[in-house]
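So the structure is just underneath, and the comments pick up after that.
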Protein chains: 2
Amino acid sequence: MGAKSSKSRKRLGKKEYESLSAFRYALRRFLRFSEEAAEAVGLTPQQHQALLAIKGFPGRESVTNGELAERLQVRHHSVVGLVNRLEAQGLIARAQGESDRREVYINLTARGAELLERLTAAHQEELRHIAPQLGAILEGIE
Amino acid sequence: MGAKSSKSRKRLGKKEYESLSAFRYALRRFLRFSEEAAEAVGLTPQQHQALLAIKGFPGRESVTNGELAERLQVRHHSVVGLVNRLEAQGLIARAQGESDRREVYINLTARGAELLERLTAAHQEELRHIAPQLGAILEGIE
DNA sequence: TGATTTACGTCGCGGCACGACATATAATTG
DNA sequence: CAATTATATGTCGTGCCGCGACGTAAATCA
């Protein structure tokens, strides 16, 4: 039948590209908001994400290096540098694992928690604002 | 009243941090998928986003440098380097603006369009897969 | 026409993610 | 229990990309 290409994949029309592009645009704008909020309190975007991943880890508020890497979706040794910079700023503290002394558990300091709280409040508000829009775009893709 | 801090902001409990962190985690996993899909066809993630932003621009399939910068949420001169690399790979073509000769219009070549089509199909499928999960997390934040 | 604005481009820097490799501790196994 | 293997963190050097500062050309305005 009307198969134009070798693989029998669905034809993609202008509308499909526009929907996907609109989704990425909305996403980039949210991430941009987030980047600027982080910088406004003296953090890089990645440092902010690390603090959130620690405090927001399911069931705990302390994570190992490897766990943090998984939550941030980066390699473990990328986390090392990130944690070094956060430690230098006094926003997190390292503690060697008790049962397994290879592990390093990372905790927020009071100062780290305070910065994160401010950022989190701002992000909640922004997300409440854009969530309906994001949802609408996603439905256009389905 | 029970105001502990100077600013009368809402108290944030463990649950709020976990919700926001879960959202960012889901987002990072999607972006990671996207990064790997792009690399699998020989593109950097940013190059893929540029192609999508061009082909998915509302009502047109050709954009100026400045428009592209806005859609990607980066500075205009960050786009210049990106477009240079895409042009070198034969994925896009530049054309000087007709009415305003300062403008540069960027179009996809056939090869650029072909790569983008493959990536777009894969992304649609992935998004259909994770959209419900993303929606559920977002409702937990509202 | 001179001054200002707009659009694109160049240059060098810094942050961060990565691959390759190193070190320390734990677990396994013969 | 010594030797091996697996796991967790850390070091080093590289490359991509976004940015600020600045430059150039074309359009617009006074």
Side-chain angles (χ1 to χ4, degrees), chain A residues 24 28-29 31-36 38-51 53-54 57 62-89 91-107, chain B residues 24 28-29 31-36 38-40 42-51 53-54 62-89 91-107:
Chain A
R24 297 305 286 250
R28 271 302 293 145
R29 285 176 63 102
L31 293 174
R32 191 72 183 170
F33 161 85
S34 183
E35 289 162 18
E36 284 168 7
E39 273 159 31
V41 302
L43 293 177
T44 67
Q46 292 75 7
Q47 289 171 357
H48 169 213
Q49 289 312 298
L51 296 184
I54 296 164
F57 194 80
S62 180
V63 301
T64 66
N65 192 316
E67 285 167 344
L68 190 50
E70 211 283 323
R71 294 290 283 190
L72 298 177
Q73 291 283 294
V74 296
R75 306 280 164 208
H76 73 91
H77 55 274
S78 300
V79 166
V80 174
L82 199 52
V83 168
N84 283 342
R85 284 170 241 133
L86 284 166
E87 195 175 35
Q89 288 183 71
L91 302 177
I92 59 104
R94 277 180 164 107
Q96 203 166 36
E98 292 174 12
S99 57
D100 186 336
R101 280 171 40 224
R102 289 171 303 179
E103 292 177 337
V104 169
Y105 278 87
I106 307 163
N107 297 275
Chain B
R24 297 305 286 249
R28 272 302 294 144
R29 284 176 66 102
L31 293 174
R32 192 72 184 169
F33 160 85
S34 182
E35 290 162 18
E36 285 169 6
E39 273 160 32
L43 293 177
T44 67
Q46 293 77 7
Q47 290 171 356
H48 169 214
Q49 289 313 296
L51 296 184
I54 296 165
S62 180
V63 301
T64 65
N65 193 313
E67 286 167 343
L68 189 50
E70 212 283 323
R71 293 291 283 190
L72 297 178
Q73 292 282 296
V74 297
R75 305 283 163 205
H76 74 92
H77 56 274
S78 299
V79 166
V80 173
L82 198 52
V83 168
N84 283 343
R85 282 169 243 136
L86 285 167
E87 195 175 34
Q89 288 183 72
L91 301 176
I92 60 106
R94 278 178 163 109
Q96 203 167 36
E98 291 175 12
S99 58
D100 186 335
R101 281 170 39 224
R102 288 171 305 180
E103 292 177 337
V104 170
Y105 278 87
I106 308 163
N107 297 275

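Quick caveat, the model's predicted, so the values are computed rather than measured.
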Within the 4.5 Å heavy-atom criterion, are A/L91 and A/L43 side-chain neighbours or not?
yes

Short side-chain N/O contact from A/T64 to OP1 or OP2 of D/dA8, under 4.0 Å:
no

Would you list the protein and nucleotides 3-7 of chain D atom pairs, both N or O, that sit under 3.5 Å from each other?
from	atom 1	to	atom 2	distance (Å)
D/dT7	O2	A/R102	NH1	2.7

Say whether B/R85 and B/T44, considering side chains only, have a donor N or O and an acceptor N or O under 3.5 Å apart.
no

Using a heavy-atom cut-off of under 4.0 Å over every strand shown, decide if A/S78 touches base, sugar-phosphate, or nothing.
base

Report yes if the ring of A/H77 lies under 5.5 Å from the six-membered base ring of D/dT9 with planes under 30°, and no otherwise.
no

What is the separation between atom CG on B/N84 and atom P on D/dC17, rounded to the nearest whole Å?
12 Å

Are a donor atom and an acceptor atom from the side chains of B/R94 and B/N84 found within less than 3.5 Å of each other?
yes

Would you indicate whether the side-chain heavy atoms of A/S78 and A/Q46 approach each other to under 4.5 Å?
no

Specify the separation, in whole Å, of atom CD of B/E39 and atom C1' of D/dC16.
11 Å

Answer yes if the side chains of B/Q73 and A/E35 hold a donor-acceptor pair under 3.5 Å, and no otherwise.
no

Return the 5'-most residue of the pair A/Q96, A/H76 with respect to DNA chain C, ranking by each residue's nearest nucleotide.
A/H76

Rounded to whole angstrom units, what separation is found between the CG atom of A/L68 and the P atom of D/dG10?
11 Å

Taking atom P of D/dA8 as reference, at what distance in whole Å does atom CD of A/E98 sit?
17 Å

Between A/R85 and A/R101, who's closer to the 5' end of DNA chain C by nearest nucleotide?
A/R85

Between B/Y105 and B/T64, is there a side-chain heavy-atom distance shorter than 4.5 Å?
yes

Any salt bridge (charged side-chain N to carboxylate O under 4.0 Å, His left out) involving residues 65-83 of chain B? Give me the pairs, sequence neighbours left out, ordered by first then second residue.
A/R29-B/E70, B/R60-B/E67

Could you check if a side-chain atom of A/Q47 sits within less than 4.5 angstrom of a side-chain atom of A/Q89, using non-hydrogen atoms only?
yes

Go nucleotide by nucleotide along DNA chain D from the 5' end; which of A/E67 and B/P45 gets its closest nucleotide reached first?
A/E67

Take atom CD of A/E36 and atom C1' of D/dC19, then tell me their distance rounded to the nearest Å.
13 Å

Contact interval (first through last nucleotide) of DNA chain C with protein chain A, 4.0 Å heavy-atom:
C/dC16 to C/dA26

When the distance from CG of B/L43 to C1' of D/dC16 is rounded to whole Å, what number comes out?
14 Å

Residue pair B/L82 / B/V74, side-chain heavy-atom distance below 4.5 Å:
no

Checking all strands, does A/G66 fall into the base, sugar-phosphate, or nothing category for heavy-atom contacts under 4.0 angstrom?
sugar-phosphate

